[in-house]
Protein chains: 2
Amino acid sequence: MAQQSVFKALADPTRREILRELKKGSATAGELAEKFPITRASLSHHFNIMKAAGLLRDQRRGQHIVYSLNTSVMEEVAALMLDLVGKPASRRRKKT
Amino acid sequence: MAQQSVFKALADPTRREILRELKKGSATAGELAEKFPITRASLSHHFNIMKAAGLLRDQRRGQHIVYSLNTSVMEEVAALMLDLVGKPASRRRKKT
DNA sequence: ATAGTATTTAGATAGTTGTCTAAATGTCGA
DNA sequence: TCGACATTTAGACAACTATCTAAATACTAT
């Protein structure tokens with residue numbers, strides 16, 4: 001997981017909103033598009049950035065593409081954030 | 001605390017490094033400058049952004065300016081991050 | 001006051017980013 | 001295969017950002 005790409009991904013409000021939306025459950029690009037006032041092309045751009053950061057997974061289902069959170073990476077991100085921002089971080093394991 | 005300013009502040013690697021440096025303890029602008037390969041002017045710019053986000057405090061001491069983490073805001077930021085990224089967030093208090 | 005040190009502000013610039021429109025790709029059903 | 005639908009890719013553009021140099025401000029000591 002590349003730190004920089006994750007932080008960059010989270011720096012945009014639309015992307016954070018997408019994340020919150022997906023926390024409720026997976027959704028197709030089209031379903032997400034209905035909730036945002038930007039073009040589908042722009043949204044697609046955001047998906048790419050988040051995929052590159054490892055935050056999202058995509059999976060084609062017929063003509064639709066379903067996006068969902070990559071929960072395992074989200075856990076890592078949480079730890080990363082806590083490390084940066086000061087808390088002791090709920091260490092689950094010692095090393096690997 | 002303005003969400004967007006905080007996330008933006010954290011999106012830059014130099015600023016995150018400054019944060020880590022200050023976690024070890026307060027430092028003057030000059031002391032910090034010695035650890036980074038950019039000009040003091042650029043560093044000052046970063047300080048401004050982090051101050052605006054509420055992450056840093058500054059305090060003049062003679063000709064030096066001492067920077068330190070604003071720990072209370074850092075706690076809020078941690079909660080913010082966890083909220084976004086999925087963990088239940090160690091809720092300390094109910095409302096105020 | 002003056003000189004010296006620490007830091008910031010101002011202004012410029014190259015690179016990055018979010019958005020758009022238009023075109024391309026992929027998939028399904030007839 | 002054809003047309004319709006869902007989504008992405010390509011290319012362009014304005015706005016933003018990290019950095020720089022040069023100049024200004026703030027403080028200390030002589």
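Quick caveat: nothing in here was measured; it's all calculated off a predicted structure. Numbers restart at 1 for each chain; the letters A, B, ... are given by sequence-line order, proteins then strands.
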When the distance from NE2 of His46(B) to C1' of dT8(C) is rounded to whole Å, what number comes out?
14 Å
Please evaluate residues Gln3(B) and Arg16(A) with respect to the criterion side chain to side chain contact (heavy atoms under 4.5 Å, CB included), reporting the C-alpha separation (whole Å), side-chain torsions for both, the decisive distance (0.1 Å), and the verdict.
CA-CA 10 Å; Gln3(B) 281 224 14; Arg16(A) 291 198 301 278; 3.7 Å; yes
Counting any heavy atom closer than 4.0 Å, what does Ile49(B) reach on the DNA or RNA strands: base, sugar-phosphate only, or nothing?
sugar-phosphate
Using a 4.0 Å cut-off to any heavy atom of chain A, which nucleotides of DNA chain D are the first and last in contact, reading 5' to 3'?
dC5(D) to dT9(D)
Do any N or O atoms from the side chain of Arg60(A) and from the backbone of Gly62(A) form a donor-acceptor pair under 3.5 angstrom?
yes
Phosphate OP1/OP2 of dG18(C): any Thr14(A) side-chain N/O under 4.0 Å
no
Rounded to the nearest Å, what distance is computed from the CD atom of residue Gln59(B) to the C1' atom of nucleotide dT8(C)?
18 Å
Whole-Å gap separating C1' (dT7(C)) and CD (Glu31(B)):
13 Å
Using a heavy-atom cut-off of under 4.0 Å over every strand shown, decide if Ala41(A) touches base, sugar-phosphate, or nothing.
base
Which is true for Lys8(B) with a 4.0 Å heavy-atom rule: it touches a base, it touches only sugar-phosphate, or it touches nothing?
sugar-phosphate
Using atom CG of Asn48(A) as one end and atom C1' of dT19(C) as the other, report the distance to the nearest whole Å.
15 Å
Rounded to the nearest Å, what distance is computed from the CZ atom of residue Arg61(A) to the P atom of nucleotide dC28(C)?
12 Å
Counting just side-chain N and O atoms, does His64(B) come under 4.0 Å of either OP1 or OP2 of dA6(C)?
no
Leu10(A) vs Leu10(B) side-chain heavy atoms within contact, under 4.5 Å:
no
Looking across every strand, which nucleic acid part, if any, lies under 4.0 Å from Tyr67(B) by heavy atom: base, sugar-phosphate, or nothing?
sugar-phosphate
Rounded to whole angstroms, how far apart are CZ on Arg40(A) and C1' on dG26(C)?
16 Å
From the set dT7(C), dT21(C), dG18(C), return the single nucleotide nearest to any side-chain atom of His45(A).
dG18(C)
Ignoring backbone atoms, establish whether Arg60(A) has a side-chain N or O less than 4.0 Å from OP1 or OP2 of dT27(C).
yes
Evaluate the criterion side chain to side chain contact (heavy atoms under 4.5 Å, CB included) for residue pair Leu69(B) and Leu56(B); output intermediate values, then yes/no.
CA-CA 5 Å; Leu69(B) 291 188; Leu56(B) 256 52; 4.2 Å; yes
For the residue pair Leu55(A) and Arg15(A), establish whether any side-chain heavy-atom pair is separated by less than 4.5 Å.
no
Whole angstrom value for the distance that separates C1' of dT25(C) from CG of Asp58(A)
15 Å
Any chain of hydrophobic side-chain contacts (each under 4.5 Å) joining Val66(A) to Phe47(A)?
no
Is there a side-chain polar atom (N or O) of Ser44(B) under 4.0 Å from OP1 or OP2 of dT7(C)?
no
So do the side chains of Val85(B) and Leu80(A) get within less than 4.5 Å of each other, counting heavy atoms only?
no
With a 4.5 Å limit on heavy-atom distance, are the side chains of Ile49(A) and Asp12(A) in contact?
no
Between Asp12(B) (CG) and dG15(C) (P), how many Å, whole number?
17 Å
So, is Ser42(A) near the phosphate of dC20(C), with a side-chain N or O under 4.0 Å from OP1 or OP2?
yes
